[in-house]
Amino acid sequence: MMKHTEKVHRPGDGYLSEFEQFMQGFLAQHPEVEVNRQRGWDIWWDHRVDLDELDKRRENELPVKPYVYD
């Protein structure tokens with residue numbers, strides 16, 4: 001475990017906050033966190049988009065009035 005007085009440096013960077021030091025140590029000790037983060041990214045962001053289906057949805061949308069009380 002990293003002691004409070006130990007410094008972790010990145011190449012070309014003179015300062016590393018205590019939080020960044022903690023996170024680097026934590027992620028080094030818990031590699032499953034990075035695996036779960038990547039799984040979450042794949043689920044929510046990296047998915048295929050059917051452009052034809054997207055066009056159909058846009059065509060079927062009702063226009064929104066700029067002022068709802070008209």
Side-chain angles (χ1 to χ4, degrees):
M1 185 168 184
M2 189 180 347
K3 294 182 180 178
H4 180 68
T5 57
E6 292 181 29
K7 299 283 184 187
V8 178
H9 293 284
R10 292 180 291 207
D13 189 11
Y15 175 75
L16 195 62
S17 71
E18 289 182 22
F19 177 75
E20 289 176 303
Q21 292 176 27
F22 167 77
M23 286 305 297
Q24 285 183 355
F26 179 82
L27 292 174
Q29 293 175 359
H30 302 280
E32 71 277 2
V33 172
E34 179 61 26
V35 172
N36 286 336
R37 186 203 62 80
Q38 186 62 47
R39 279 186 55 232
W41 183 268
D42 292 341
I43 290 170
W44 291 105
W45 298 105
D46 291 343
H47 57 274
R48 297 185 189 273
V49 176
D50 183 3
L51 296 177
D52 293 330
E53 181 65 30
L54 190 60
D55 287 339
K56 287 179 187 176
R57 286 184 185 179
R58 288 184 179 153
E59 288 173 2
N60 292 331
E61 287 180 352
L62 294 174
V64 178
K65 294 181 179 181
Y67 188 71
V68 296
Y69 298 109
D70 281 341

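Throughout, residue positions are numbered sequentially from 1 according to the sequence presented.
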Point to revise | Set of residues satisfying side chain to side chain contact (heavy atoms under 4.5 Å, CB included) with respect to Asp50, sequence neighbours excluded | key: Asp52, Glu53
Practice item. Would you give the length of the straight line joining atom CD of Glu61 to atom NZ of Lys56, rounded to the nearest 0.5 angstrom? Key: 15.0 Å
Exercise for review: Can you see which heavy atom on Leu16 is nearest to which on Gln21, and at what distance?
Suggested key: O-NE2, 3.0 Å
Study note, to complete from the structure: Apart from Leu51 itself, its cluster of hydrophobic side chains linked below 4.5 Å comprises Val49, Leu54
Check your understanding: Should side-chain heavy atoms under 4.5 Å link Ile, Leu, Val, Met, Phe, Trp and Tyr, which residues sit in the same cluster as Val35?
Key -> none
Point to revise | Where at least one partner belongs to residues 35-45, residue pairs that pass side-chain hydrogen bond (donor to acceptor under 3.5 Å, both in side chains), sequence neighbours excluded | key: Glu34-Arg37, Gln38-Asp42, Trp41-Asp46
Review point. Ignoring hydrogens and geometry, is there a side-chain-to-backbone donor-acceptor pair from Glu20 to Ser17 under 3.5 Å?
Key: yes
